[in-house]
*Asks:* 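Got a structure for you, written out below as structure tokens; questions coming shortly.
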Amino acid sequence: MELGLVGLGKMGGNMRERLRRAGHTVFGYDRNPDLADVHSLRELVGKLSGPRVVWVMVPAGEPTQSTVDELAELLEPGDVVVDGGNSRWTDDEKHAAELAAKGIGFVDCGVSGGVWGLENGYALMYGGSKEDVAKVQPIFDALKPEGDFGSVHAGKVGAGHFAKMVHNGIEYAMMQAYAEGWELLEKVDSVTDVREVFRSWQEGTVIRSWLLDLAVNALDEDEHLDGLRGYAQDSGEGRWTVEAAIDNAVPLPAITASLFARFASRQEDSPQMKMIAALRNQFGGHAVEKK
């Protein structure tokens, strides 16, 4: 099928390539003309046959809002907009209502896979009506990992981004646990090869995971993470997860503590945050700060 894709950064560019490999026709727009196939949203919409599907992969907040506003004026009844960025779920409800007033459908989709998604596929969590999801389903099927799992119609509008938010909150806590264990191992005199201890956990243990594999990759590149500053940014979804927990009276002590640890990293050169920064770089290509 045909797809318009807005935003061709690290995730969007790889998604375009994966979809093309699966036989879909993708017209991509990006503010960087070197990445773009077309040079305006109007041109993008003009390339697509109806009913059109336009997938938005731009930063949350104003960039997404302005893109949705412009698409609302360009698309026609029966078309669908997919927000595949990391928008707050409450924004999804606003966008869906704005587009519904013009007869345009809306699907929110949380996307996980980082820089590895091109080859491994992307885990997808999407929300919206069955009718709108059906129009996008061939794209979901091409983007997801091979096999029976890796994608879910999580519920109504907002459910996809809410599910992805919780996913990222869990990710915060898991990375924090690995980072704390790594710092303790590095601190004691009796353990002489921390990297190989981490590597030994990759098989046969209950804490083996892809994040553990990425931690070993990071330690292979810089055994003691000496080249990194102990600073880790937060994307915002950890904060939203804690806020949602407060609103729903759900205790999240591990996730909340891991978020606060990110804040602590900005006050001093935290050894734990070297591992967090290294893991974020490994799975998502997020920037690190060098010493």
Side-chain angles (χ1 to χ4, degrees), residues 1-9 11-12 15-16 19 24-33 35-111 122 124-143 151-165 236-237 240:
M1 65 176 282
E2 294 180 345
L3 179 76
L5 182 59
V6 183
L8 301 171
M11 289 277 280
M15 289 168 64
R16 174 176 61 177
L19 289 168
H24 296 289
T25 299
V26 183
F27 301 101
Y29 169 69
D30 193 274
R31 289 185 301 175
N32 181 349
L35 302 177
D37 305 310
V38 296
H39 302 293
S40 69
L41 288 181
R42 181 175 296 277
E43 184 182 355
L44 178 78
V45 170
K47 290 279 189 181
L48 300 171
S49 304
R52 303 173 185 85
V53 176
V54 178
W55 187 303
V56 179
M57 285 295 290
V58 302
E62 177 54 33
T64 296
Q65 182 65 61
S66 62
T67 303
V68 170
D69 289 344
E70 188 171 352
L71 288 172
E73 300 302 319
L74 295 172
L75 294 173
E76 298 176 349
D79 295 343
V80 175
V81 172
V82 182
D83 179 4
N86 283 331
S87 293
R88 188 181 173 96
W89 79 96
T90 50
D91 290 343
D92 296 327
E93 297 164 357
K94 177 184 176 184
H95 297 155
E98 175 186 350
L99 292 168
K102 296 179 177 291
I104 302 166
F106 179 83
V107 174
D108 64 289
C109 183
V111 181
Y122 299 89
L124 306 172
M125 297 143 269
Y126 36 93
S129 71
K130 291 182 180 179
E131 294 75 17
D132 289 337
V133 166
K135 294 177 182 178
V136 191
Q137 195 64 55
I139 299 300
F140 292 145
D141 292 342
L143 289 173
S151 71
V152 60
H153 185 182
K156 60 185 181 181
V157 165
H161 280 146
F162 195 94
K164 176 58 162 47
M165 177 194 74
E237 289 177 297
W240 300 341

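Everything numeric in this text was worked out from a predicted model, so none of it was measured. In what follows, residues are counted from 1 in the order of the sequence shown.
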*Asks:* Please evaluate residues Glu73 and Lys102 with respect to the criterion salt bridge (Lys or Arg N to Asp or Glu O under 4.0 Å), reporting the C-alpha separation (whole Å), side-chain torsions for both, the decisive distance (0.1 Å), and the verdict.
*Replies:* CA-CA 9 Å; Glu73 300 302 319; Lys102 296 179 177 291; 3.5 Å; yes

*Asks:* Taking C-beta and beyond as the side chain, do Val152 and Leu124 meet within less than 4.5 Å on heavy atoms?
*Replies:*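 Result no, sub-4.5 Å side-chain heavy-atom pair not found.
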
*Asks:* Give a yes or no answer on whether the side chain of Asp79 reaches the backbone of Ile104 with a donor-acceptor pair at less than 3.5 Å.
*Replies:*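 Checked: no pair found.
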
*Asks:* To the nearest 0.5 Å, what is the distance between CE on Met57 and CG on Asp30?
*Replies:*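 These two atoms lie 11.5 Å from each other.
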
*Asks:* Decide side chain to side chain contact (heavy atoms under 4.5 Å, CB included) for Val111 and Leu143; before the verdict, give the C-alpha distance in whole Å, the side-chain angles of both, and the deciding distance to 0.1 Å.
*Replies:* CA-CA 10 Å; Val111 181; Leu143 289 173; over 6 Å; no

*Asks:* List the atom of Leu8, the atom of Leu5, and the distance in Å for their closest heavy-atom pair.
*Replies:* CD2-CD2, 3.8 Å

*Asks:* Identify the two heavy atoms, one from Ala72 and one from Leu99, that lie closest to each other, and give their separation to 0.1 Å.
*Replies:* CB-CD2, 3.8 Å

*Asks:* Check whether Asp132 reaches the backbone of Ser129 with its side chain - one donor and one acceptor, N or O, closer than 3.5 Å.
*Replies:* no

*Asks:* How far apart are the closest heavy atoms of Gly78 and Pro51, and which atoms are they?
*Replies:* O-CB, 3.5 Å

*Asks:* Once rounded to the nearest 0.5 Å, what's the spacing between atom CE of Met165 and atom CE of Met125?
*Replies:*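 So the CE of Met165 and the CE of Met125 are separated by 12.0 Å.
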
*Asks:* Distance check, rounded to the nearest 0.5 Å: Asp83 atom CG versus Gln65 atom CD?
*Replies:* 10.0 Å

*Asks:* Which residue pairs pass the ring pair (Phe, Tyr, Trp, His ring centres under 6.0 Å) test with at least one member in residues 57-79, sequence neighbours excluded?
*Replies:*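 Every pair satisfying ring pair (Phe, Tyr, Trp, His ring centres under 6.0 Å) with a residue in residues 57-79: there are none.
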
*Asks:* Considering the options Leu74, Val54, Leu75, which one meets the side chain to side chain contact (heavy atoms under 4.5 Å, CB included) requirement together with Leu41?
*Replies:* Leu74

*Asks:* Could you tell me whether a side-chain N or O of His24 sits under 3.5 Å from a main-chain N or O of Arg16, the two making a donor and an acceptor?
*Replies:* no

*Asks:* Could you report the tightest heavy-atom contact between Tyr126 and Val133, atom names first, then the distance?
*Replies:*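 What the structure gives for the nearest pair is CE1-CG1, 3.7 Å.
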
*Asks:* Measuring from Ser87:OG to Lys94:NZ, what's the distance to the nearest 0.5 Å?
*Replies:*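 The distance works out to 11.0 Å.
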
*Asks:* Quick check for you: to the nearest 0.5 Å, what is the distance between Lys156 atom NZ and Trp89 atom CH2?
*Replies:*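 The CH2 atom of Trp89 is 13.0 Å from NZ of Lys156, to the nearest 0.5 Å.
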
*Asks:* With side chains defined as the heavy atoms from C-beta onward, is the minimum distance between Val68 and Glu98 less than 4.5 Å?
*Replies:*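 Side chain of Val68 against side chain of Glu98, heavy atoms only: contact under 4.5 Å found.
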
*Asks:* After noting the C-alpha distance and the side-chain angles of His153 and Lys130, does the key distance pass the side chain to side chain contact (heavy atoms under 4.5 Å, CB included) rule?
*Replies:* CA-CA 9 Å; His153 185 182; Lys130 291 182 180 179; 4.3 Å; yes

*Asks:* Please work out which of the three classes, parallel, tilted or perpendicular, describes the rings of Phe140 and Trp55, given edges at 30° and 60°.
*Replies:*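 The arrangement is perpendicular - the two ring planes meet at more than 60°.
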
*Asks:* Is the side chain of Lys47 donor-acceptor paired with the backbone N or O of Gly4 at a distance under 3.5 Å, no angle test?
*Replies:*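 Not a single qualifying donor-acceptor pair exists.
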
*Asks:* Check this for me: does any side-chain nitrogen of one of Arg52 and Glu2 sit under 4.0 Å from a carboxylate oxygen of the other?
*Replies:* no

*Asks:* Can you spot which of Asn86, Thr90, Asp91, Asp92 makes a side-chain hydrogen bond (donor to acceptor under 3.5 Å, both in side chains) with Arg88?
*Replies:* Thr90

